[in-house]
Structure formats: structure tokens, C-alpha cells
Amino acid sequence: MTAAEAPAGRQLVYTLAITEGVRQALQEEPLAFMAGEDVAGAGSVFGIYRGLLDEFGPDRVIDTPISESGIIGLAVGAGATGLKPIVDIMFMDFIGECMDEIVNQLAKMRYMFGGKATLPVTVLTMSGAGMNLAAQHSQSLEAWLCHTPGLKVVMPATAYDVKGAIITAAREPNPVFVVMCKGLMALPGDVPEEPYALPIGKAVVRREGEGLTIVAHGRMIHEATKAADILDGEGISVEVIDPLWLQPLDTETIINSVAKTHNALVVHEAVRFGGLGAEIAAQIAELAFDHLDAPVGRVAAPFSPVPFSPVLEQTYVPNAERIAAEARSILGTG
Amino acid sequence: MPWRSDAPDGVPIPLCAEAAVANSSQAMEPSEEVLKDLHFRMVRIRHFEEEAGRLMEQGKSPGALHLYIGEEAVASGVMVHLSDQDQITSTHRGHGHLVAKGGEFKKMYAELFGRETGYNKGRGGSMHISNVDAGMLGANGIVAAGPPIAVGAAFSNKYFARMEGRDSMNVAVPFFGDGATNEGAFHEAANMAAIWKLPVVFICENNGYGEFTPQAEHQAISDVADRAAGYGMPGVICDGMDAVAVWEAAGEAIERARSGGGPTLVECKTYRFVDHVGLRGIGLHYRTDEELEEWRARDPIPQHEQRMIEMGVMTADEIQAVHDAVMADITESIEFAENSPLPDPANLLNDVYTPTAAS
């Protein structure tokens with residue numbers, strides 16, 4: 001069945017799109033396996049791998065001990081010797097447990113060995129705040145990964161993209177982190193039934209506009225789109241760009257948009273200082289300075305751990321109102 | 001009898017890995033071929049390392065070298081049992097492991113010199129020297145990084161054996177020191193290998209020091225092998241200064257792993273004759289002269305040579321001929337490395353990623 005023949009508008013929620021992505025990746029590649037903490041018997045704490053153990057058996061869908069270093073080490077060793085590992089790090093916050101295996105082994109082995117190793121490894125992990133899970137289960141640490149040569153990083157914010165990102169990652173001969181958003185787990189969207197890949201390093205223009213470019217990733221795409229609706233009512237036309245791939249980053253699409261709108265605002269859920277927004281703002285300043293009517297704005301989390309109390313967490317995470325307010329400030333209409 | 005590709009001209013050293021594996025279910029008694037092979041591997045390591053240390057201290061080889069001198073019996077005793085399809089992971093002290101796994105001197109010296117002709121095209125150097133084609137998954141600058149990677153390789157070995165309907169599996173062997181067994185990564189790897197009964201043989205090279213800190217100050221046990229009990233795997237201790245003792249202990253563990261019996265922790269009590277870095281080192285006095293002399297008296301190479309002479313396996317002249325041939329190979333290889341091209345700076349970004357059709 002081709003994409004054109006797929007039933008139009010089949011809806012899946014984000015979590016089921018994840019399951020389908022992993023299922024199809026395992027179906028199409030006999031050398032692929034999935035491993036992680038409670039991914040098999042329990043189908044993951046998020047329920048995103050339910051049914052995979054029954055379909056593929058315990059040799060290919062594997063519960064590991066609670067050993068994040070061991071899990072990434074497993075992926076490095078298995079990947080370098082011919083398998084196609086898909087491993088799950090339950091909460092992104094847990095990558096602190098395995099940063100050596102990620103940064104010093106997985107990302108660098110190919111380069112250090114003069115190109116004589118291939119690491120076709122997919123790492124799935126759940127990021128973000130919004131569920132009152134406090135400081136160690138709510139972080140957005142994508143900048144740590146993007147700063148490491150050798151890794152590719154995708155942060156899908158729709159059901160369509162999360163399935164496509166997983167299949168793309170599984171087919172890719174390089175290590176890819178699929179940073180999923182737990183705040184979007186119930187989000188429905190159009191998801192074709194057949195397997196499909198995303199173009200690596202290609203941004204998505206979520207909404208076209210003329211007066212301001214908002215570059216947002218992950219869950220903030222949806223807040224940015226809401227902000228664009230608010231601003232639209234005020235006569236401000238906003239273009240919303242989802243880089244989708246944070247490494248490699250689609251600079252061209254961002255710069256072309258800024259050249260058109262002359263204003264830029266970068267939004268993410270991660271801490272503002274040293275976040276991806278700093279890199280994106282720097283690139284806009286370097287490559288589109290003459291197009292800018294105002295300094296590039298940034299909306300992101302403040303420089304603190306993610307707080308627990310709902311009232312504090314709501315204050316911490318950027319939302320449409322704050323994005324709209326920053327937009328008005330950039331445009332001098334606030 | 002297949003012959004070794006790394007044997008210098010005129011030295012008929014048999015490739016006896018297959019023979020050793022085939023015979024390993026019988027009582028462990030090394031054949032003459034095995035004894036000669038153990039010797040050849042140790043001699044290659046010793047001379048390679050002495051020359052490498054001199055080149056570094058003469059400023060001809062950039063960076064820092066961690067030399068394997070004194071520990072040759074461990075790598076040699078293990079590697080005789082392994083084929084190119086078996087994998088090892090190594091440590092920051094990794095040259096000996098690659099030499100013992102059949103590493104070619106030309107590509108090794110070229111790598112230490114940062115040349116394009118090196119095993120890693122000059123991108124890795126001493127601390128990352130590797131030969132994936134022969135199952136050498138790299139020296140490693142991070143202590144205890146190897147065991148989790150070896151567990152992954154062993155997972156592959158089991159996976160492929162199942163797919164291909166084979167009973168005998170390739171084996172993955174992580175080498176690491178006593179200090180590495182204080183790292184969490186070691187424990188995670190040992191546990192995973194044990195619960196999944198993976199074909200892993202953990203080889204601890206206990207040289208008594210975690211860098212400069214004596215074992216008694218960095219762990220409350222004197223036998224690292226005791227740690228095996230915590231993972232439900234056998235723990236074995238052997239004399240790491242005796243190539244035959246290592247060969248015997250490793251052989252049994254490797255055979256068990258190959259046939260699906262799961263992992264073993266083999267602790268080889270050994271000693272590094274030179275400092276943590278280089279030949280002369282950095283002048284820290286953390287070991288007594290008496291201790292050094294005591295261990296030097298147990299040098300694995302003269303000990304092994306004496307045994308072979310007594311057994312009538314090789315004459316003193318034949319032994320000397322092995323040393324001479326290895327030295328000739330080294331001289332030629334250093335010349336090759338010195339005359340090899342440096343990497344082109346224009347290619348700095350090559351191999352950060354595996355190219356794909358899209359890129």
C-alpha cells in the first residue's frame with residue numbers, strides 16, 4: 001500500500017504512534033531488537049511498547065536490569081558488531097547515568113577508529129515537564145546531546161513525526177536520539193499505516209506568516225501555534241518553524257524565514273542559558289543580521305531545576321501567553 | 001597448519017587459535033605449538049612496548065603511552081584461544097591486547113605517530129587503537145568502559161548464533177584492571193552478562209594499583225575474583241605472570257562461554273614493570289624498589305623461555321632468533337610509520353558520521 005492509498009486521516013495518539021513505529025522497525029529489520037527497563041513484560045511505564053513482546057518474543061524485546069550504563073553499552077557493543085539496537089532510556093533525566101557511554105563511546109567510536117566502526121543505534125527517551133514529576137523526571141536535556149559530535153537528535157512533537165522519527169532512526173547507520181515529549185502522549189494526529197521515514201535534518205514549517213518567525217521545538221510547537229493564533233487576532237502574522245531535527249539543524253529554513261519576516265523568537269522548554277535557543281539565535285545573528293528589525297528574542301525555562309508544586313511548574317514552563325508577550329515586545333507592539 | 005600473518009619472515013609461528021579451541025575440551029596441557037605461540041605473542045608485546053616508550057620519551061611519538069610491559073602473559077594467554085571472530089575490549093593500556101590479537105606493527109606504530117596509515121588513520125592514537133576487523137573493539141581512555149561494550153558484542157554473538165542455528169558462540173572478552181572494578185559500569189556489565197548467560201569472559205588484570213593508588217587503599221578485598229559471587233558467575237584466580245597459567249584459566253572460561261555456560265570472571269595477578277605512563281614515568285614514588293624487584297624476578301618472558309628450554313621445545317638459539325626477527329620487524333615498521341603520510345587537515349570532519357545516501 002502506498003501513502004496515496006492509505007486511508008485518509010487515520011488517527012493515532014502519540015503513544016500508539018510510538019508503538020507502531022517500533023513495531024514496524026522491528027518488522028522490517030531482523031537484526032533490530034529493543035531493550036530497556038520494563039519495555040517487554042510491562043510494555044514500558046508509559047505503555048508505549050505494549051504488545052511488542054508478544055509479537056517479537058523475548059529474544060528481540062528485552063527487559064534489562066535498571067542499568068542505564070549497561071543499556072547504552074549493550075547498544076554500542078551490539079551495534080558495532082552487526083545488530084541494530086533500539087534501546088529505551090525511560091526518562092531523559094536518566095541519561096546522567098549513562099553519559100560516558102553516550103558521549104565517550106557511542107558518539108565517538110566511529111571517529112576515533114578512523115571510520116572503521118558503524119553505530120546504527122536508536123535511543124528512545126521521554127522528556128519534558130507538565131506532569132508534576134519534579135526535578136528528576138521532567139527535564140529537557142536535548143542541548144547536552146546536540147553538543148556532542150557523532151549524535152543525531154530528533155524531537156518529534158506530533159504523532160506523525162514520532163512514528164516517522166523512530167523508523168528513520170532505526171534505518172539510520174548513525175546513533176540517533178529520539179527525544180519524545182511526555183506532555184504530548186495523548187495528542188492525536190494523522191498517522192499513515194505503512195512505515196515511512198522523515199528527511200533527516202529537515203525542518204517543518206508548521207504555519208506560514210509574514211511578520212515574525214517563531215522557532216520552537218518539542219512540546220513548545222503547540223504553545224507557539226497557540227500564541228500565533230492569539231497574535232493573529234491582533235493583526236500580527238506569525239510563521240512557526242519546528243526544526244524537528246536539532247542535530248543536524250536545518251539552518252537554511254530558519255534563515256529563509258527570518259529573511260522574510262525580519263523578526264525572530266526562539267522558544268523551548270529547556271533552561272534558557274546555554275539551551276538550543278542560544279545556538280539558533282547566534283546562527284540567525286550571524287547569517288541574517290541585516291534582515292533583522294529587532295534583536296532575536298528567546299522564551300525558555302528559567303535557570304532552576306523543574307519545580308514540583310503545580311503552581312510553580314506552571315510558572316516554570318513557557319506557555320502561549322508568555323510567547324505572545326515576548327513577540328509583542330520584539331515587534332514593539334506590547 | 002595455517003601460519004600467522006603477523007609472523008616476521010623466517011619465523012614459522014603457527015596460527016594455533018583453532019587448534020587450541022578444538023582441543024580445549026580435553027585436559028588443559030599446552031602443546032609445543034601453544035607454548036611457542038604464547039612466547040611469540042609475549043616477545044612481540046615486550047619489544048613493541050619498549051620501542052614505543054623510547055619513541056615517546058624521545059619526543060618522536062606525540063601524546064602519552066600507557067605501556068603493557070610486565071603484563072604480557074595475560075593478553076597472550078587469553079588471546080591464543082580467540083579467533084578474529086571473537087571480540088575483545090581493551091583499556092588505556094591497550095597496545096599489548098592488540099599485539100596479542102595479531103596487530104600489525106606497521107599499522108600500530110603508524111597510529112602512535114598519528115599517521116594516515118595507522119589502524120585508526122591517526123584519529124585515535126594510543127588510547128583508542130583498534131582493529132574492528134579482527135574483533136579488537138578498541139583501547140579505551142575511560143576506565144571500565146569496555147565491559148558494557150563487550151556485553152553488547154556478546155549479545156550479538158548469541159543473537160547471530162541463534163539466527164544461524166549454531167551451538168558454538170563467538171566470545172567477547174573485556175580486559176580491565178583492578179581499579180575498573182570500582183566503577184559502576186563494570187558491575188552493570190557483569191550483572192547483565194550473568195542474567196542473560198552471555199558468552200563473556202571478564203579478564204581482570206590486577207596489577208595492584210589503580211593508577212598510583214594501591215589496591216588495599218582502593219578496595220576492601222584482595223581478590224577481585226570474589227566479586228564474581230555477587231553476580232552468580234564463577235570467579236577464578238590465576239598467576240598473571242605465567243602465560244601457561246593464564247592460558248589454562250582463560251581456556252576453560254572461554255570454552256564454557258562458547259558453549260552457552262555463561263560468563264566467568266578471571267583475575268590475573270600481574271604487575272606493571274614500568275610506570276603508569278611511559279618507561280621512566282613521572283617520578284612519583286608510590287612503589288618500593290624491593291616490590292619492583294620481587295615482581296621483575298617473575299618476568300613472564302624469561303620464565304616461559306626457561307620452561308621451553310627445559311622441556312626441549314625451543315633452544316636458546318631458536319628463542320634468540322624469535323627476538324631478532326621481532327626486532328627486525330619493529331625496525332622496519334617504525335621506518336614505515338615515520339615515512340607514512342600525515343592525515344590531511346582537510347579531512348578533519350570525515351567519519352564523524354557514517355555517510356548515508358541522503359547525506
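Just so you know, these numbers come straight off a predicted model, no measurement behind them.
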A:Glu279-A:Gln283 side chain donor-acceptor pair, cut-off 3.5 Å = yes
message = Quick test of your reading of the model: are A:Asp59 and B:Lys158 salt-bridged, counting only N-O distances below 4.0 Å?
response = no
message = Name the residue from A:Met126, A:Met92, A:Met155 that meets the side-chain contact (heavy atoms from CB on, under 4.5 Å) definition with A:Met180.
response = A:Met126
inquiry  = Which atoms of A:Pro30 are under 4.5 Å from chain B, going by heavy atoms: the side chain, the backbone, both sets, or neither?
reply    = both
ask   = Is the gap between the ring centers of B:Phe48 and B:His95 under 6.0 Å?
value = yes
message = Please identify, among B:Gly118, B:Ala153, B:Gly122, the residue contributing the most non-hydrogen atom pairs under 4.5 Å to chain A.
response = B:Ala153
query = Picking from B:Val151, B:Leu137, B:Leu349, B:Asp133, which has the most non-hydrogen pairs under 4.5 angstrom with chain A?
reply = B:Leu137
request  = Heavy-atom distances under 4.5 Å only: say whether B:Asn350 touches chain A with side chain, backbone, both or neither.
outcome  = backbone
Side chain / backbone / both / neither for B:Met127 at chain A, heavy atoms under 4.5 Å = neither
ask   = Contact part of A:Glu172 toward chain B, heavy-atom cut-off under 4.5 Å: side chain, backbone, both or neither?
value = side chain
query = Do B:Arg93 and B:His276 have side-chain atoms, one donor and one acceptor, less than 3.5 Å apart?
reply = yes
request  = Could you check if a side-chain atom of A:Asp161 sits within less than 4.5 angstrom of a side-chain atom of A:Leu244, using non-hydrogen atoms only?
outcome  = yes
ask   = B:Ile195 versus B:Tyr231: any side-chain heavy-atom pair under 4.5 Å?
value = no
request  = Look up atom OG1 in B:Thr89 and atom NE2 in B:His97, then write down how far apart they are to the nearest 0.5 Å.
outcome  = 9.0 Å
message = Can you tell me which portion of B:Tyr159 sits under 4.5 Å from chain A's heavy atoms? Options are side chain, backbone, both or neither.
response = side chain
message = With chain B as the partner, which of A:Ile62, A:Leu119, A:Ile66 has the greatest number of non-hydrogen pairs under 4.5 Å?
response = A:Ile62
ask   = Side chains of B:Asp178 and B:His218: do they bring a donor and an acceptor to under 3.5 Å?
value = yes
ask   = Checking heavy atoms, do the side chain of A:Ile72, its backbone, both or neither come under 4.5 Å from chain B?
value = neither
remark   = Heaviest contributor of heavy-atom pairs below 4.5 Å to chain B, chosen from A:Thr118, A:Thr64, A:Val76, A:Leu83, is A:Leu83
request  = Find the one option among A:Pro173, A:Ala35, A:Gly79 whose heavy-atom pairs under 4.5 Å with chain B are most numerous.
outcome  = A:Pro173
request  = Measure distances from A:Asp100 to the heavy atoms of chain B and classify the residue's part below 4.5 Å as side chain, backbone, both or neither.
outcome  = side chain
query = Looking at the rings of B:Phe155 and A:Phe33, which for Trp means the six-membered one, are their centres under 6.0 Å apart?
reply = yes
task = For each of B:Ile142, B:Asn191, B:Asn170, tally heavy-atom pairs with chain A at distances under 4.5 Å, and name the one with the top tally.
result = B:Ile142
request  = Pick whichever of B:Asn140, B:Asn157, B:Asn131 has the most heavy-atom pairs under 4.5 Å with chain A.
outcome  = B:Asn140
query = Is chain A contacted by the side chain of B:Gln87, its backbone, both, or neither, given a heavy-atom distance below 4.5 Å?
reply = side chain
task = Would you kindly say whether B:Asp167 and B:Ser259 are connected by a side-chain donor-acceptor distance under 3.5 Å?
result = no
remark   = Applying a strict 4.5 Å limit to non-hydrogen atoms, the region of B:Leu198 in contact with chain A is neither
query = Any idea which of B:Lys121, B:Glu111, B:Arg123 has the most non-hydrogen atom pairs under 4.5 angstrom with chain A?
reply = B:Arg123
